[in-house]
Trainee: 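Here it is, the structure, as structure tokens.
Side-chain atoms are counted along with the backbone in the values below, which use heavy atoms only and exclude waters and symmetry mates. Quick note on labels: first sequence line is chain A, next is B, and so on, each numbered from 1.
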2 protein chains.
Amino acid sequence: MRASDKAYAALRDDIIEWRLLPGTVLAEVEQSERLGISRTPLREALSRLTAEGLTTTAGGRGVVVTDISLDDIDELFELRETLEGRAAALAAERGDPATFEQLRRELLQAPELIGGQDPALHDYYGLVGRLDAAIDAAISNAYLVQAMRSLRVHLVRVRRLAADDAARLTAAAAEHAAIAEAIAAGNPRLAEAATTLHLHRSLSHVKATHTPQQREHHG
Amino acid sequence: MRASDKAYAALRDDIIEWRLLPGTVLAEVEQSERLGISRTPLREALSRLTAEGLTTTAGGRGVVVTDISLDDIDELFELRETLEGRAAALAAERGDPATFEQLRRELLQAPELIGGQDPALHDYYGLVGRLDAAIDAAISNAYLVQAMRSLRVHLVRVRRLAADDAARLTAAAAEHAAIAEAIAAGNPRLAEAATTLHLHRSLSHVKATHTPQQREHHG
DNA sequence: TGGCTGAGTTCTGTATACATAAGCCTTGTA
DNA sequence: TACAAGGCTTATGTATACAGAACTCAGCCA
């Protein structure tokens with residue numbers, strides 16, 4: 001693995017997991033020493049992070065970790081609804097029904113996983129990830145997939161702020177199952193509607209658990 | 001201006017204007033000497049180009065200019081319709097009617113510009129750009145704007161392949177005027193429909209003028 | 001006492017030298 | 001003559017040294 005890849009992965013993880021808080025200045029010498037590499041590969045890593053929007057160049061004085069405000073979350077979900085709604089519709093038109101029918105069945109059994117310990121929870125998140133991957137594969141549109149992929153980076157960051165309790169995860173699994181069912185049925189409008197519903201509930205949950213007061217705790 | 005910015009702008013322009021054809025290998029020493037800079041800023045420029053999708057790393061053997069196939073054009077316009085349709089709808093909800101009413105009036109007079117020489121044509125393209133900018137400003141969603149911005153890079157590249165004759169430009173101006181009118185009227189569904197119509201006609205025009213045979217002429 | 005100016009420091013931006021790995025060509029052998 | 005193995009060439013990946021710019025802080029002047 002290249003040193004720049006390692007630095008990129010490490011910094012990306014630190015930002016997403018909120019170990020590097022918004023506003024933190026990523027000085028090149030400091031970070032390169034911390035990661036045990038030279039400045040050259042670190043700069044490439046910072047370039048990639050900036051291209052993704054996780055950092056911004058602060059007017060010639062280093063790069064800083066970007067903030068995510070409540071307004072940003074609204075904007076993120078507005079774009080997410082646009083992209084994933086269309087993606088679900090396209091998947092319903094082009095996807096293989098059997099694939100999504102299988103995912104639907106697994107998602108209906110997901111509540112058994114949610115109550116369990118970490119390994120089971122990990123299985124649940126993997127299942128949701130497989131649904132996303134199946135949709136990506138079904139729509140066969142590299143540009144749309146890329147747009148969603150770049151969006152998911154920020155969404156993971158937001159998700160880390162919201163406490164995903166068992167109740168919300170159980171409800172989310174049902175919503176995901178509804179999306180899979182609509183896609184398996186080949187019904188684009190239903191798939192889009194199910195996605196819209198799911199995203200609105202997700203957003204409500206995030207905004208409910210992530211109050212401005214709790215937000216201050218982080219920054 | 002930084003050397004890496006200069007290299008990025010130069011390479012980006014060369015790719016968009018098809019002076020660097022798809023499949024061209026951008027060797028670091030070769031390009032750095034051509035642009036009169038060192039390898040370090042050139043590598044940063046290549047990183048940015050790769051992040052944008054204009055180039056790809058060819059499995060450890062340099063970066064090559066990405067190709068745009070007919071399938072890619074379909075995918076590009078599918079994403080474009082998704083994003084710009086939603087953007088037009090949001091602009092209709094949130095934009096200032098007077099701004100778009102003014103743009104509509106100017107667009108209706110655009111045919112006078114299209115018949116003229118280069119400076120007038122430049123004015124026309126500037127006018128269309130102002131409509132895009134007005135929509136971007138009206139929706140007030142940085143993530144959606146960013147997604148459209150990254151998409152436009154590829155669209156400019158495609159546009160260079162299509163011969164924009166006066167007839168198509170005149171029709172396009174009318175379509176743009178219809179979009180501006182719908183936004184000014186504050187009608188989201190109409191704005192989205194007008195955008196969908198415009199993009200479908202644009203795509204038809206591109207695919208009609210840009211046959212696979214002509215495509216071969218480039219590659 | 002407040003603001004401005006200057007040197008000092010520390011950062012980023014760039015160039016270059018070195019390390020390493022991946023092709024490719026050559027050569028030898030079957 | 002075809003295939004494989006090895007060295008050679010050339011590319012990228014990395015480190016480091018140097019240059020330039022910007023921020024800071026102290027000292028001076030109004």
Trainee: Please tabulate, one pair per line, each protein N/O and nucleotide N/O from nucleotides 15-18 of chain C that are separated by under 3.5 Å, including the distance.
Mentor:
unit_1 : atom_1 : unit_2  : atom_2 : d
C/dA15 : OP2    : B/Ser38 : N      : 2.7
C/dA15 : N7     : B/Thr40 : OG1    : 2.9
C/dT16 : O4     : B/Thr40 : OG1    : 3.1

Trainee: Hey, are B/Glu81 and B/His200 close enough side-chain-wise for a donor-acceptor pair under 3.5 Å?
Mentor: yes
Trainee: Is it true that a side-chain atom of B/Glu75 and a backbone atom of A/Ala142 form a donor plus acceptor pair closer than 3.5 Å?
Mentor: yes
Trainee: Let me test you: for the helix from C/dT1-D/dA30 to C/dA30-D/dT1, what is the angle between the axes at its two ends (five pairs each), rounded to 10 degrees?
Mentor: 10°
Trainee: Per the side chain to side chain contact (heavy atoms under 4.5 Å, CB included) rule, which among A/Thr66, A/Ile73, A/Leu76 passes with A/Arg157?
Mentor: A/Thr66
Trainee: For B/Tyr8 and C/dG13, give me the distance from atom OH to atom C1', rounded to whole Å.
Mentor: 19 Å
Trainee: Can you tell me how far P of C/dC11 sits from CD of A/Glu30, to the nearest Å?
Mentor: 9 Å
Trainee: Would you kindly say whether A/Thr50 and A/Thr55 are connected by a side-chain donor-acceptor distance under 3.5 Å?
Mentor: yes
Trainee: With sequence neighbours excluded, give me every salt bridge (charged side-chain N to carboxylate O under 4.0 Å, His left out) pair touching residues 132-150 of chain B.
Mentor: B/Asp136-B/Arg152
Trainee: Without swapping roles, check the side chain of A/Ser47 against the backbone of B/Glu44 for a donor-acceptor pair under 3.5 Å.
Mentor: no
Trainee: Donor-acceptor pair, A/Asp72 side chain versus A/Ser69 backbone, under 3.5 Å?
Mentor: yes
Trainee: Should A/Arg2 be listed as having a side-chain N or O under 4.0 Å from OP1 or OP2 of D/dT14?
Mentor: no
Trainee: Take the protein atom NZ of A/Lys6 and the nucleotide atom P of D/dT14, then report the distance between them rounded to whole Å.
Mentor: 10 Å
Trainee: Provide, to the nearest angstrom, the distance between the CG atom belonging to B/Leu42 and the P atom belonging to C/dG13.
Mentor: 16 Å
Trainee: Distance check needed: C/dT10 C1' versus A/Gln31 CD, whole Å only.
Mentor: 16 Å
Trainee: Test your reading of the model: is there a side-chain donor-acceptor pair from A/Asp14 to the backbone of A/Arg19, 3.5 Å cut-off?
Mentor: no
Trainee: Rounded to whole angstroms, how far apart are CD on A/Glu28 and C1' on D/dT14?
Mentor: 15 Å
Trainee: Quickly work out the B/Met1 CE to D/dG20 P distance and round it to whole Å.
Mentor: 20 Å
Trainee: If only side-chain N and O atoms count, and only distance matters, is there a donor-acceptor pair under 3.5 Å linking B/Arg168 with B/Ser202?
Mentor: yes
